[in-house]
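These notes concern the structure reproduced below.
Proteins get letters first, then strands, A, B, ... in listed order; numbering begins at 1 in each. Please read all numbers here as calculations on a predicted model, not as lab measurements.
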Amino acid sequence: MTKLSDRYSPQEVEKRIYAWWTENNYFSGADKSTLPPFSIILPPPNVTGSLHLGHALDHTIQDVLVRWKRMSGFNVLWLPGTDHAGIATQSVVEKDLKKKNLFRTQLGRDQFVEKVWEWKNQYGDHIVEQMKRLGESCDWNRLCFTLDEGVSKAVRKVFVSLYEKGQIYRGKKLINWSPGLESAISDLEVEYIEVKGQLYYIKYPLEDGSGELTVATTRPETLLGDVAVAVHPEDERYASWIGKNVHLPLTQRKIPVIGDESVDREFGSGVVKITPAHDFNDYNLGLKHQLPQINILNKNGTLNDSCGVYTGLSVVEARKRLVSDLEQQNLLIKTEPHTHQVGHCSRSGWVVEPLLSEQWFVRMKELAGPAQRVVESGTITFEPESWTKTYLHWMEIIQDWCISRQLWWGHRIPAWTCLKCLKLTIAEEDPKRCQHCAHEELQQDEDVLDTWFSSALWPFSTMGWPEETETQKTFYPTSVLVTGHDIIFFWVARMIMMGLEFKKDVPFRKVYIHGLIRDANGKKMSKSSGTALDPVKLIDEVGADALRFTLISQLAAGRDLKFSLPRLEGYRNFMNKIWNAARFSLQALNDFKVMTPEEEAQLNKNNLSTHDKWILFKLGVCEKEVEFYLNQFRFSESAQSIYEFVWHQFCDWYLELIKPSLQGPQNSERVMSQWVLAQVLNRVVRLLHPFAPFISEEIYQMLPVKSKACILEVYPTVRTDRSLLAFGDEASAQTMDIVVAVITAIRNIRGENRIKPGLKITVRLSPSDDKSQKILGANKAIIMRLAGLDHCEVGPAASLSKCALSPIRLHSSAVDVIVPLEGLVDLKIEVQRIHKNLEKLKRDFVTLEQRLQDKSFLKQAPEEVVRQGHEQLITLKSQMSTLEEAARRLS
RNA sequence: AGGGAGUUAGCUCAGUUGGUAGAGCGCCACCCUUACAAGGUGGAUGUCGCAGGUUCGAAUCCUGUACUCCCUACCA
């Protein structure tokens, strides 16, 4: 065997192992299989983006699930893909062109889109490569891209179908407009930011000269689009003016005063100007009162040519000019500081302008109904469950979805206008002639679809829909969707709607929502603030397994998590610990003779040592916990359970316990120890595999007994390991608990009394019953070795003077650990130590005694609790009196 | 404004049917004990945000309250 380094170096291992997995096609899901299916679709990341910690978390969760299910006998498909991310990608390419002083308008649509494809082809593999570094076991042969031919077909089919049903329509409505992108954006893409602004009080003189109304507004520049002034109909101050007209300042227009109950009498002056083309409330009010709509803005956010002298100014400049003009004409009464929420474009950062424009919309109400019901009925469940409420609330208040974007990169809307009859032709295939008049000059709609439109179809469009495919038969609906809570509405809800509409079935049965990653200060990690950690860099430093383990172990159900670098280091250390434990074990198994199944069947439990039976018992406990937690998506707890078992049972105790027999002569004890060690190490790497796939596979490959690959192995459970775990038993576990307690007690006395580790000492163990006597007798050698003793007597205590003492009471055994200190140390320290322990016991004793004297407790509490209390009290009393006695002898 | 979440050891956080408070990191002491100093052994550390209530018993259930955070919808 080659000598293994005492430090685990993940870089080399990960690269080699990953290549080996993919060469052997271990990640591929079978379209036809007798095994039960388990499928996940990967939320497609931005194709030209790079992996951030949020992805790393999201993907690790999925990989844990997928590897676990694959090992548990499922036919697993984890379907990967990337998203064209319309706005984001187009912006990146535009920025790049800008460096060369080029603008997309100069290139024209076709050339620009070609440039974006070039960009995609150049950088599109980047994120996929990064995902591989994390160890993701996606079926890469099925990698999809949202602009692939198949997916695009699905997009068109869905669009046409929804259009024909009247679910998609084109209309002129007020929408959120990003002047930065010069495109419409959906409600969800608007980010409200608190802004300190001004509230301007402006005079609107009455037409008949009988007075004036004072209008309060935060946006004086939209005055040019005012079509009315509204007051509350019951507002005594103004009610009589309803129906009259006012002069719109700085213009020649006269506009009516209307009454509407939505006006808040308390706010500002109680008079509000109505600008239907640039405010959502006013828009609705305008429709209600049948007011005209006056658009005053260009697409780039400047004032349009209806604005006279203000034409061409930006909103901000126009505001300044307008305010100063009002001031000059004595129409500005006052300004007040005013803080309010202003919508910003989440992509470009520009202030969003509500703008009247011709767009495509999806009617959501009808689609939302079924999507609501499948969640209410529990066909789809959220984990954690609390997101159900959020989801349902959103479905209640859902608005029509604006799906057209004035971009070039994306799925172009399959709508053609006939240049002759001006009617629309909507078709899956590019039409040759107008559906209505058969004219051949058609012009395709310039807009593309919102990226989320194609994402909404992802669960079935990636499986070959609209063709009927085996993939869909086997893997749709998918088993679980894993994603962050930030895209429940963008994505999860819309997939549910589309799945129900087009597949007549939910796209997934379970939605696992995890938290978002935050930096050390709890802030959202972002590139701009420089707080973003690059997961690939972390992988370079500590390995993918350590990163995965860190993410998983910090993951609490549905809560955001702060990423902690010290913790990452801790799990790096854990990987190293595993590495070294394996190194040691493999060396010890150097001459291990692999048993035939027949030989294994002959094995007798009686030939196993107590600690062998103990570790197998603990292994069983661990396997049980891991399965229990994984079934409930409690990832951190399953990872912690493995961590605890591997480090604190297997490494700390078991490996120490078996050293003598491993280093001893080749006898039956040694053979048995080797066998148990080989079995346990084998289970350890298999248990670890979903969480730490690389190191587990690497070690697995060196095991004396193995099949092809760890990734293909059976995940250990109490069922699959029934015959192995039958060798463990609880009695041995309890025995070992006592032995461990005795060793710890001696170490404690040594440590507290500063007895040099190298110094071998004598200990007397005084058991109070036959059972304890036997246990101590049988494990004397172990105790001596692990506690550093040169003499150990088991028997009744002779003299307690000048001795340290610790009474152990465990599993109905009682042992007094007595360490003669004569000549070794200052006895005062031991007296202090005993008093410290005594005080703690006394506190516990008093609390417990009080409780047990309480009549209502005795009456009401379950018998079991009362019984345990009494037992505990006796134990405490016995320990206390022993310690008191010891203290008396010492002082 | 409405909804949700959080408040536990110096730090980051566990604690799922209410029964004597846990982990990791950090800290202190001792140790290069031939798997591992990215290690070992031992130790210290908490009126579980505050105030009530239910209960024999509350970190855990209920009510109120303070602070923090998130989401949703608004104020012209």
Query - Check: A/F574 ring centroid to A/F549 ring centroid under 6.0 Å - result: yes
Query raised in the report: So, for A/Y391 and A/W387, is the gap between ring centers shorter than 6.0 Å?
Result: no
**Report entry** Gap in Å between the two P atoms, one belonging to B/G3 and one to B/U63, rounded
**Finding:** 13 Å
Query raised in the report: B/U34 phosphate, OP1 or OP2: any side-chain N/O from A/K659 under 4.0 angstrom?
Result: no
Requested in this report: Determine the Euclidean distance between corresponding P atoms of B/G46 and B/A59; express it in Å to zero decimal places.
Outcome: 16 Å
Query raised in the report: A/R634 and A/F628: which non-hydrogen atoms are nearest, and at how many Å?
Result: NH1-CE2, 4.0 Å
Requested in this report: Describe the nucleic acid contact of A/E569 in one word from base, sugar-phosphate, nothing, applying a heavy-atom distance below 4.0 Å.
Outcome: nothing
Query raised in the report: Any donor-acceptor pair under 3.5 Å between the side chain of A/K577 and the base of B/C36?
Result: yes
Query raised in the report: Could a donor-acceptor pair under 3.5 angstrom be found where the side chain of A/R750 meets the base of B/U41?
Result: no
Query raised in the report: OP1 or OP2 of B/A44 less than 4.0 angstrom from a side-chain nitrogen or oxygen of A/K836, does that happen here?
Result: yes
Report task. Using the C1' atoms only, state how far B/U41 lies from B/U55, rounded to an integer number of Å. Result -> 44 Å
**Report entry** N/O (side chain, A/N573) to phosphate O (OP1/OP2, B/G39) under 4.0 Å
**Finding:** yes
Query - Touch class at under 4.0 angstrom, heavy-atom based, for A/T744 against every strand present - result: sugar-phosphate
Query raised in the report: What is the ring orientation for A/Y512 with A/H514, classed by angle as parallel under 30°, tilted 30 to 60°, or perpendicular over 60°?
Result: tilted
